[in-house]
Amino acid sequence: MAFIHYLLQNKADNAIALCLYWAVSVWFLILNLPYISFMNIHVDQLLVSTPFYGVPFTLNLFNFDPSMYYGFNNISVIHPFLHIVSGLLSQLAAHWGNNLFFLLLQSLLNAFSCTAIYFYLRRSGTNKGLSITFAVMFAISSYTLFTALIPDSYPYAQLILILTVLYLQYSREKSTESFNSFAYGALAFISFAVTSALLIPVLAALVLNHFRLGSKTIIWQYIKAGLWAILLLLSATILQQLFFEGRFWAGDLFKGITGGGLRYAAKFHWNEHWQIAKLLGTHPIWTPDVMMISSKMVAVVSDLSKKTPIYAIMFGSGLYICSFAFIIKARATREAWVLSSFIWFAVILHIAAGFGLATFRYDMYLYAGHFLFAVYLLAGRFITELRSRTLRQAATGCAIAVVVVLLVHNSWMHKEVLRTVDLSYQTLVKMK
């Protein structure tokens with residue numbers, strides 16, 4: 001309750017957040033409903049070619065997998081306990097409109113993430129205008145738009161990450177003695193339960209949020225948090241085995257890791273993979289031109305032969321420059337380390353470990369902008385901390401310009417992606 005009170009302490013902020021929530025939700029619905037209509041109209045044609053086991057979501061966009069339809073039996077080490085949620089939701093969807101149900105649900109989830117961005121910046125001392133600007137920038141990003149549509153794990157995982165960062169902000173403002181070991185353990189367990197790989201940046205953020213060299217109190221608190229996480233994991237695993245005929249997330253560990261990730265990994269080579277900068281850094285913000293790259297997988301992915309618009313490069317570069325400038329400027333603060341841990345994890349995962357590079361032309365895992373929220377928060381905090389009022393106003397004006405251009409670009413390109421999908425399927429039919 002103290003955390004909720006911390007978030008909702010200002011009535012004006014609450015009113016703005018509520019307006020943001022519903023406005024963004026409606027915008028997600030308006031832009032994505034044509035995709036639902038397209039799938040409903042062409043259902044027979046799409047079901048013949050879909051690679052997704054005949055589930056109602058039949059479009060292969062950026063190689064997102066509509067895993068929320070796969071139900072209770074989709075147990076894996078990649079998503080250890082998400083199958084429980086997906087099982088319940090897929091059953092509800094079957095009675096309440098299938099794709100329309102997930103669009104509505106995930107639009108609300110992504111809108112909630114948007115308001116969490118707003119609350120974080122406001123509780124950090126950012127003014128209302130700039131907080132709204134970056135919350136909207138997050139909401140209208142390409143990745144946020146498409147994750148509202150596609151019934152995959154991304155909007156659920158993203159919301160958990162943002163709420164974790166928000167809770168850590170609240171926790172930093174409390175004394176060390178009030179460190180909530182159970183809450184930290186629960187956050188670690190929940191992040192693992194949804195997507196196991198996310199446990200790494202979450203653990204890094206949890207540790208960095210309070211760590212002090214030589215502090216036995218903090219070390220003991222971390223041990224207690226770890227024990228809580230292990231207890232929750234063991235309890236959930238036992239229940240999983242009991243309710244799912246002996247199956248559990250680690251039952252086929254090697255096969256799960258290999259099939260779910262290692263076969264998509266490759267060593268990074270600049271000459272071959274330099275365009276990963278587009279896939280990771282630009283396309284999740286600015287919706288790219290797309291193409292159908294495989295008639296077998298009917299995969300509609302980023303068209304890497306097309307040039308990125310100059311305004312996307314300029315504004316995108318400015319956003320990342322502001323983010324890294326804050327990391328450098330505030331390098332002595334826990335906030336900078338906590339937020340940057342999510343960005344560094346993405347760099348290590350996709351570039352150092354090469355996760356997704358083996359199939360990078362298929363957008364496999366690379367369009368997944370889990371770290372984007374941290375970029376927006378860091379950039380917003382950098383502008384807030386500018387000492388010169390003139391510079392701060394100029395930077396705010398630039399941020400508003402980014403929102404306007406991004407809104408126009410992504411609204412147009414969202415329609416263009418669907419048009420490309422339609423044309424690609426028409427070509428596919430002619431080929432057959």
Distance-only, no hydrogens or angles: does the Thr195 side chain make a donor-acceptor pair with backbone N or O of Leu198 under 3.5 Å?
no
Check the pair Val300, Phe62 against side chain to side chain contact (heavy atoms under 4.5 Å, CB included), reporting the backbone distance first and the verdict last.
CA-CA 6 Å; Val300 177; Phe62 302 103; over 6 Å; no
To the nearest 0.5 Å, what is the distance between CG on Leu33 and CG on Leu104?
9.5 Å
Name all residues meeting the ring pair (Phe, Tyr, Trp, His ring centres under 6.0 Å) criterion together with Tyr70; count only those two or more places apart in sequence or in a different chain, and write none if there are none.
Tyr53
For Phe38, give me all partners under ring pair (Phe, Tyr, Trp, His ring centres under 6.0 Å), at least two apart in sequence or on another chain.
His42
Donor-acceptor check, side chain of Ser131 to backbone of Asn127, threshold 3.5 angstrom: yes or no?
yes
Just by distance, do the side chain of Thr126 and the backbone of Leu121 share a donor-acceptor pair under 3.5 Å?
yes
Can you tell me which residue pairs pass the salt bridge (Lys or Arg N to Asp or Glu O under 4.0 Å) test with a partner in residues 385-414, sequence neighbours excluded?
Arg381-Glu385
Suppose we call two aromatic rings close when their centres sit under 6.0 Å apart. Are Phe81 and Phe192 close by that rule?
no
Kindly give the heavy-atom pair with the smallest separation between Phe382 and Ala325, and that separation in Å.
CE1-CB, 3.5 Å
Less than 4.5 Å apart, side chain to side chain, heavy atoms only: is that true for Ile285 and Leu406?
yes
Main chain of Thr287, side chain of Asn410: is a donor-acceptor contact present, judged purely on distance under 3.5 Å?
yes
Hey, are the side chains of Phe146 and Tyr35 touching, using non-hydrogen atoms and a 4.5 Å cut-off?
yes
Counting only heavy atoms not in Trp27 (residues, nucleotides, ligands), do more than 12 fall under 6.0 Å from its CH2?
yes
With side chain to side chain contact (heavy atoms under 4.5 Å, CB included) as the test, would you mind laying out the steps for Trp249 and His83 before giving the verdict?
CA-CA 10 Å; Trp249 61 271; His83 69 105; over 6 Å; no
Test your reading of the model: is there a side-chain donor-acceptor pair from Thr333 to the backbone of Ala330, 3.5 Å cut-off?
yes
With heavy-atom distances below 4.5 Å as the criterion, would you say the side chains of Leu163 and Gln158 are in contact?
no
Can you confirm whether the side chains of Gln221 and Tyr184 place a donor and an acceptor under 3.5 Å from each other?
no
Angle between ring planes, Tyr311 versus His409, binned at 30° and 60°: parallel, tilted or perpendicular?
perpendicular
Treating Ser141 as the side-chain partner and Met137 as the backbone partner, does any N or O pair qualify as donor plus acceptor under 3.5 Å?
yes
Assign the ring pair Phe3 / Tyr167 to parallel, tilted or perpendicular, where the plane angle (0 to 90°) is split at 30° and 60°.
perpendicular
Is any side-chain heavy atom of Asn10 less than 4.5 Å from a side-chain heavy atom of Arg123?
yes
Ser113 vs Phe138, test: side chain to side chain contact (heavy atoms under 4.5 Å, CB included). Steps then yes/no.
CA-CA 9 Å; Ser113 293; Phe138 166 83; 3.8 Å; yes
Would the His370 and Phe345 ring centres measure less than 6.0 Å apart?
no
Mind checking whether Val298 and Met292 have side chains closer than 4.5 Å, heavy atoms only?
yes
Heavy-atom side-chain proximity of Leu149 to Leu61 below 4.5 angstrom
yes
From OG1 (Thr144) to CG (Leu372), nearest 0.5 Å
7.0 Å
Where do Asn60 and Val301 land on the side chain to side chain contact (heavy atoms under 4.5 Å, CB included) test, with the steps shown first?
CA-CA 8 Å; Asn60 186 358; Val301 300; over 6 Å; no
Do we see a donor-acceptor contact under 3.5 Å between the side chains of His79 and Asn74?
no
Quick one: side chain to side chain donor-acceptor pair (under 3.5 Å) partners of Ser124, sequence neighbours excluded?
Gln169
Please answer whether the main-chain N or O of Ile328 pairs with a side-chain N or O of Arg331 as donor and acceptor at a distance below 3.5 Å.
yes
Within the 3.5 Å criterion, strictly below it, is a donor on Ser305 or Asp303 matched to an acceptor on the partner's side chain?
yes
Side chain to side chain, Thr147 and Gln106, heavy atoms closer than 4.5 Å:
no
Is the distance between the ring centroids of Trp286 and Tyr143 under 6.0 Å?
no
Out of curiosity, Ser90 OG to Met68 CE, how far, rounded to the nearest 0.5 Å?
8.0 Å
Do side-chain atoms of Gln9 reach the backbone of Tyr6 as a donor and acceptor pair under 3.5 angstrom?
yes
The criterion is ring pair (Phe, Tyr, Trp, His ring centres under 6.0 Å); which residues satisfy it with Tyr118, sequence neighbours excluded?
none
Closest heavy-atom contact between Ser341 and Pro201?
OG-O, 3.9 Å
Asp152 (side chain) donor-acceptor with Pro66 (main chain) under 3.5 angstrom
no
Rounded distance [0.5 Å steps], OG in Ser411 versus CD1 in Ile140:
7.5 Å
Under the ring pair (Phe, Tyr, Trp, His ring centres under 6.0 Å) test, which residues partner Phe324, sequence neighbours left out?
Trp344
Between OH on residue Tyr21 and CZ on residue Phe112, distance to nearest 0.5 Å
7.5 Å
Any donor-acceptor N/O pair, Asp289 side chain to Ser302 backbone, under 3.5 Å:
no
Above 12 or not: heavy atoms from other molecules or residues under 6.0 Å from NZ of Lys415?
no
Below 6.0 angstrom between ring centroids: does that apply to His210 and Tyr222?
no
Distance from Ser181 atom OG to Trp220 atom CH2, nearest 0.5 Å?
8.5 Å
Do the two ring centres, one from Phe57 and one from Tyr69, sit under 6.0 Å apart?
no
Side-chain heavy atoms of Val194 within contact of Leu82, under 4.5 Å
yes
